[in-house]
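I have a structure I would like to understand better, so I am pasting it below and will then ask my questions one at a time.
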Amino acid sequence: MNLANLEQSIYNLVTETSTNLPKDVRRAIKKAKDAENAGTRAAMSLDTIANNIFMADDNVSPICQDTGLPTFKIKTPVGVNQIEIKEMIKKAIAATTGDAKLRPNAVDSLTGKNSGDNLGDGLPVVKFEQWEKDYIEMKLILKGGGCENKNIQYSLPTELEGLGRAGRDLDGIRKCILHSVYQAQGQGCSAGFIGVGIGGDRSSGYDLAKEQLFRHVDDVNPNEDLAKLEQYIVEKSNTFGIGTMGFGGEATLLGCKIGVMHRIPASFFVSVAYNCWAYRRMAVDINAETGEIMNWHYQDGEKIGFEEEAKAGNTQQGEVVELTAPISEEKIRSLKVGDVVKITGRMYTGRDAIHHHLMSHDAPVDLDGQIIYHCGPVMAKDAEDNWTVKAAGPTTSIREEPYQGDIMKKFGIRAVMGKGGMGPKTLAALEEHGGVYLNAIGGAAQYYADCIKSVDGVDLLDFGIPEAMWHLAVEGFTAVVTMDSHGNSLHADVQKSSLEKLAAHADRVF
Ligand SMILES: O=C(O)C[C@H](O)C(=O)O
Ligand code: SF4
């Protein structure tokens with residue numbers, strides 16, 4: 001095999017997967033967008049998402065800054081050297097990371113050190129199988145951490161919030177899957193896609209669930225019962241009112257694919273893999289002799305380019321509140337849930353490592369009146385050695401729940417921005433101290449990178465690129481107030497109303 005060609009083919013596969021959303025996924029997003037009511041927060045979010053998909057393709061840059069844990073599934077003809085293929089995968093992963101097509105995402109689980117090139121113990125994940133054909137099939141999924149954290153595994157029989165007993169039968173399975181969509185709320189960057197595995201053990205069940213994510217959005221399950229269940233789940237989930245980013249709205253789930261395998265008598269698992277709207281998976285067929293790509297998968301049908309959405313830009317209607325840090329307590333207390341804000345000026349990134357650090361250390365900069373952005377960007381250096389932002393959407397804020405309130409009070413921070421909302425402890429602190437939570441659109445990494453006009457500094461770079469504290473100068477950075485200083489939380493409201501909708505499906509259906 002020509003290994004140089006093979007490395008180039010894998011480089012192209014990784015780049016395409018990270019930057020160009022597949023056609024079937026684009027069509028599902030377009031359909032959701034068209035069904036949304038104009039002028040709502042959900043419609044505005046879907047416009048931003050559509051614009052972001054266009055920009056990523058156009059800039060050949062990551063759709064979302066979290067480029068996940070690269071997972072390859074490969075079928076090779078008998079006799080092909082799999083060790084060589086794995087070596088070329090590692091080279092291509094390091095090269096695409098160097099070219100900012102992937103974020104350096106491989107973190108030593110014990111020391112916290114980022115390897116910087118996406119290589120590490122057990123990473124990337126590569127799974128081989130042999131087949132009788134004479135070419136190589138290589139599939140790749142880049143599934144981000146926020147949606148991965150919303151995966152869930154049920155062991156039947158079980159008791160489910162809102163739905164009661166789920167037994168060891170098709171109706172029990174139905175309840176688990178509905179519950180999985182409810183428990184994700186907006187935190188996995190809804191509207192999402194789910195892959196479900198019925199049976200197996202804890203690990204093979206999840207493998208089966210993830211395998212379903214390689215199916216086409218619009219295929220039909222050959223098993224009649226499962227085809228019905230897939231359709232039922234999408235239809236009912238879209239009545240929950242969770243909506244895009246958990247803002248409420250019509251589109252909560254864009255696809256459900258279910259696979260089944262045998263189990264052992266004592267175990268009955270239903271495993272659900274939740275994938276965000278930034279559903280990045282692609283596959284190619286590779287010539288086993290030349291190493292060249294023969295064919296790209298997921299190429300059927302129309303490609304929605306979202307040019308119109310990109311031209312329209314920000315479709316926000318109505319009043320927008322301008323914010324510039326340092327922000328006064330009075331200004332923060334004037335904000336209410338539902339207000340749209342546009343930030344111009346300074347903000348600082350801070351995610352998991354920074355929050356943990358700030359609990360027991362001083363801040364490297366004066367944070368009084370400032371805005372903290374829960375974000376782990378993709379960064380690159382330009383010809384003059386200056387940092388530039390390549391992708392910079394929000395990360396899931398709930399992980400900072402144990403720290404957030406204390407840190408805001410300790411340093412005088414007035415606004416925190418991320419996605420998916422935060423819990424009761426933060427809400428209480430916002431009221432006591434005078435703070436707001438701002439929700440940005442998850443996955444809109446190109447859209448937000450464009451609002452960042454310069455990188456003015458960085459602290460704690462030892463934590464790695466995603467975890468460092470970046471000093472950003474932004475312009476027109478749009479977000480929605482979803483938790484205010486008067487005890488209101490859109491997230492708590494949506495959770496409560498969606499639980500009521502879920503509970504309407506407690507009676508037997510299958
Ligand atoms: O790590 C990130 O940047 C985002 C993550 O995928 C998340 O959804 O929280
Ligand atoms: S930020 Fe959202 S879109 Fe990006 S990987 Fe995480 S869940 Fe997916």
Side-chain angles (χ1 to χ4, degrees), residues 17-19 21-22 25-26 28-29 32 45-46 48-53 55-56 61-71 100 102-107 112 114 118 141-151 181 183-195 210 213 242 244-247 251-254 273-281 349-355 372-379 389-401 416-422 439-449 463-468 470 479:
T17 310
S18 178
T19 64
L21 212 56
V25 178
R26 287 168 180 262
I29 291 173
S45 311
L46 282 162
T48 303
I49 286 170
N51 186 358
N52 186 73
I53 295 168
M55 291 171 83
S61 277
I63 297 163
C64 174
Q65 76 288 339
D66 185 1
T67 52
L69 186 151
T71 301
L102 295 178
R103 183 175 72 186
N105 253 3
V107 179
N114 193 313
N118 267 312
I141 185 161
L142 301 173
K143 185 176 185 293
C147 58
E148 183 67 11
N149 291 348
K150 298 319 289 187
N151 292 357
V181 178
Q183 62 85 42
Q185 291 290 304
Q187 290 170 3
C189 289
S190 51
F193 298 81
I194 54 174
K210 289 190 170 182
L213 294 174
I242 296 169
T244 304
M245 295 319 297
F247 286 167
T252 296
L253 190 70
L254 302 181
Y274 189 99
N275 207 109
C276 49
W277 67 259
Y279 182 14
R280 292 154 289 172
R281 49 98 169 97
T349 67
R351 52 179 294 164
D352 310 68
I354 296 283
H355 280 77
I372 291 286
Y373 181 28
H374 299 155
C375 168
V378 179
M379 305 295 286
V389 180
K390 290 291 178 184
T395 190
T396 316
S397 302
I398 195 72
R399 296 193 305 272
E400 316 318 335
E401 180 69 5
V416 291
M417 178 163 60
K419 55 113 174 162
M422 302 192 76
N439 205 122
I441 314 297
Q446 291 305 310
Y447 173 80
Y448 288 122
F463 291 163
I465 285 181
E467 298 281 354
W470 297 95

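As the structure lists them, so they are numbered: ligands from 1, and atoms in each ligand from 1.
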query: Side chain of Asn52, backbone of Gly443: donor and acceptor closer than 3.5 Å?
result: yes
field: Minimal non-hydrogen separation, Arg280 against Asp66, with atom names
entry: NH1-O, 2.8 Å
query: Among side-chain atoms of Thr396 and Lys419, is any donor-acceptor pair under 3.5 angstrom?
result: yes
- request: Applying side-chain contact (heavy atoms from CB on, under 4.5 Å), name anything that partners Ala191, two or more places apart in sequence or on another chain.
  value: Ala251, Leu254
message: So if I count the atoms of ligand 2 from 1 in the order they appear, which ones are less than 4.0 Å from some heavy atom of Gly188?
response: 7 (S)
query: Do Asn105 and Thr67 have side chains that get closer than 4.5 Å, going by heavy atoms?
result: yes
Side chain to side chain contact (heavy atoms under 4.5 Å, CB included) partner of His374, the single match among Arg399, Met417, Glu400: Glu400
- line: Any heavy atom of Gln187 under 4.0 Å from ligand 2? The part involved is neither
query: Applying a 4.0 Å heavy-atom criterion (strictly less than), which segment of Lys143 is in contact with ligand 2: side chain, backbone, both, or neither?
result: neither
query: Can you count the protein N, O or S atoms that lie less than 2.8 Å from atom 4 (Fe) of ligand 2?
result: 1
query: So which residues, sorted by chain and number, lie with a heavy atom under 4.0 Å of ligand 1?
result: Gln65, Asp66, Arg103, Gly145, Gly146, Arg351, Thr395, Thr396, Arg399, Lys419
task: Could you grab the distance from atom CD1 of Ile441 to atom CZ of Phe247, nearest 0.5 Å is fine?
output: 4.5 Å
query: Would you find a donor on one side and an acceptor on the other, under 3.5 Å apart, between the side chain of Gln65 and the backbone of Gly393?
result: yes
field: Parallel, tilted or perpendicular, as decided by the 30° and 60° cut-offs, for the rings of Tyr373 and Tyr448
entry: perpendicular
- prompt: Does Met245 come within less than 4.0 Å of ligand 2, judged by its heavy atoms?
  reply: no
message: Show me which atoms of ligand 2 lie under 4.0 Å from any heavy atom of Pro394.
response: 1 (S)
task: Run the numbers for me: atoms of ligand 2, each under 4.0 Å from some heavy atom of Arg280, listed by number.
output: 5 (S)
message: Quick check against the 3.5 Å criterion: does Gln446 have a side-chain atom that pairs as donor or acceptor with the backbone of Lys390?
response: yes
message: Checking the side chain of Asn118 only, and the main-chain atoms of Arg103 only, is there a donor and an acceptor separated by less than 3.5 Å?
response: yes
field: Residue list, side-chain contact (heavy atoms from CB on, under 4.5 Å) with Glu148, at least two apart or on another chain
entry: Lys143, Asn151, Lys210
